[in-house]
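Naming convention: chains lettered A, B, ... in sequence-line order (proteins, then strands); numbering from 1 in each chain. Keep in mind that what you see is a predicted model, and the values were worked out from it rather than measured.
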There are 2 protein chains.
Amino acid sequence: MSEQLIKHLTKSIEIDLDDAEKVMVFFQSVKLDKKENLMEAGQVCKANYFVVKGCLRLFFITDKGVEQTTQFAIENWWLSDYLAFQNQQTTEFYIQAVERTEVLAITFHAQERLLKEFPQMEKYFRIIYQRAYGASQVRMKYEYGFSRETLYHHFNDRFPEFIQRIPQYLLASFLGFTPEYLSEIRRKKK
Amino acid sequence: MSEQLIKHLTKSIEIDLDDAEKVMVFFQSVKLDKKENLMEAGQVCKANYFVVKGCLRLFFITDKGVEQTTQFAIENWWLSDYLAFQNQQTTEFYIQAVERTEVLAITFHAQERLLKEFPQMEKYFRIIYQRAYGASQVRMKYEYGFSRETLYHHFNDRFPEFIQRIPQYLLASFLGFTPEYLSEIRRKKK
DNA sequence: CGGATCGTTGATCAACTTCAACGGTCGTGG
DNA sequence: CCACGACCGTTGAAGTTGATCAACGATCCG
């Protein structure tokens, strides 16, 4: 559980076991059933979440009332609405468990104290955010550079094990098109 | 010039003037004419860039040979291809000056030494990346949530001063559609 | 003054959505 | 353990949105 986060920390920073255990005190374990919400639009974005086991999705509701998924997070990924988290404002996003999921949550204020007491954690989060931002740049390249159809094939080729974990309608939502169209693409490529 | 970066640092972290001047030694000033490239696809992404004055754009070339802009950076923004930067790999992006532009550049190795000697800079970059990542999340919400037409109006309303700085064909590219279609939208809304 | 670049217009075309309907499967209550 | 209902994936027809291509005018800059 928290061993997993410690292991993840040590990949990016040097921290002794003693400190690592003190760091873990700042986190709370939360367990979610499938489809259970961790965060909802209209609430203040209180915490940042590390996925220990399972899968989360970040989505919002469009003007037309459709759930639009923008991100997934699986084991060892962090997820939150980072502008709302940083400014402790209300979010317009939801975070929901795609399957039974276990996360470690750290509230904004706990994170502030953590960073003050353990400045080496600044480096850890710097690396996490840099990587996440870099990944979002690459993703933009895919979105702007590929048609929806090639976008699907690209994701299918690149993350086959992940694709199998999530229902098709969520994948369609994430890729930015309708389940019907996804069906059509799948039929073609056979 | 470097005063501007120092001023920007002090908004996020506490650093005395003496240290700040030592920090500035890690940066080089680079001046670019309009349309001059700061980085090109195929090269290793050597540096991270802080815009002192002017405007940069990040773009790539699609399969069809079209320049696709994915980001702009104006005064006080950082820009690079962060995955390629972090791993010191070749990039698939170009960075080009939209207008006459002055930047402060820090190479990957200089940044590594900087962070080692001045650990408080970890916090600065942590905040920069967190904010940039948060902004990219909000942007995804716009892209997935709005039609291309409302996307244009939204950007027009929100960043009028910026819109006026860049040519229309770059705005069209950034928003993900053709200059012809942008023309059509502008005609409608009158 | 001349050439390249940029914005505009209109016609045609492709990509993707919408809507309605159907069949399979999964989980839950009886 | 079965039966029912809800949910999910699929299909097809019709409709929209935005791309493509070609051509023209304006403007900017050398």
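Applying the side-chain contact (heavy atoms from CB on, under 4.5 Å) test to B/Gln88 and every residue at least two apart in sequence or in another chain returns B/Val44, B/Phe85, B/Phe108, B/His109. By the side chain to side chain donor-acceptor pair (under 3.5 Å) test, B/Glu149 is found to be paired with B/Lys188, residues two or more places apart in sequence or in another chain being considered. Partners of B/Tyr129 by ring pair (Phe, Tyr, Trp, His ring centres under 6.0 Å), not counting sequence neighbours, listed by chain and number: B/Tyr82. The side-chain contact (heavy atoms from CB on, under 4.5 Å) check on A/Thr178 picks up A/Glu180, A/Tyr181, with sequence neighbours excluded. For the side-chain contact (heavy atoms from CB on, under 4.5 Å) test, residues two or more places apart in sequence or in another chain that qualify with A/Ala110 are A/Phe26, A/Ile106, A/Thr107, A/Arg113.
Put simply, B/Lys64 has no side-chain N or O that comes within less than 4.0 Å of OP1 or OP2 on D/dA19. Proximity of A/Arg187 to the phosphate of D/dG12: a side-chain N or O atom is located under 4.0 Å from OP1 or OP2. A sub-4.0 Å separation between OP1 or OP2 of C/dG7 and a side-chain N or O of B/Arg186 is absent. Distances shorter than 4.0 Å separate none of the side-chain N or O atoms of B/Tyr181 from OP1 or OP2 on D/dA19.
Contact check for B/Glu102 versus B/Val30: no side-chain heavy atoms found under the 4.5 Å cut-off.
Non-hydrogen atoms lying under 4.0 Å from DNA chain D are contributed by A/Pro167, A/Gln168, A/Tyr169, A/Glu180, all within residues 162-180 of chain A.
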Listing, residues 14-21 of chain B side-chain donor-acceptor contacts under 3.5 Å, not counting sequence neighbours, or none:
unit_1  : atom_1 : unit_2  : atom_2 : d
B/Asp16 : OD1    : B/Asp18 : N      : 3.3
B/Asp16 : OD1    : B/Asp19 : N      : 2.8

Without placing hydrogens or testing angles, list every side-chain donor-acceptor pair under 3.5 Å for residues 6-13 of chain A, not counting sequence neighbours.
unit_1  : atom_1 : unit_2   : atom_2 : d
A/His8  : ND1    : A/Tyr124 : OH     : 2.7
A/Thr10 : OG1    : A/Ile6   : O      : 3.4
A/Thr10 : OG1    : A/Lys7   : O      : 2.8

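Taking the C1' atoms of five terminal pairs at each end of the helix from C/dC1-D/dG30 to C/dG30-D/dC1, the two resulting helix axes are inclined by 50°, rounded to 10°.
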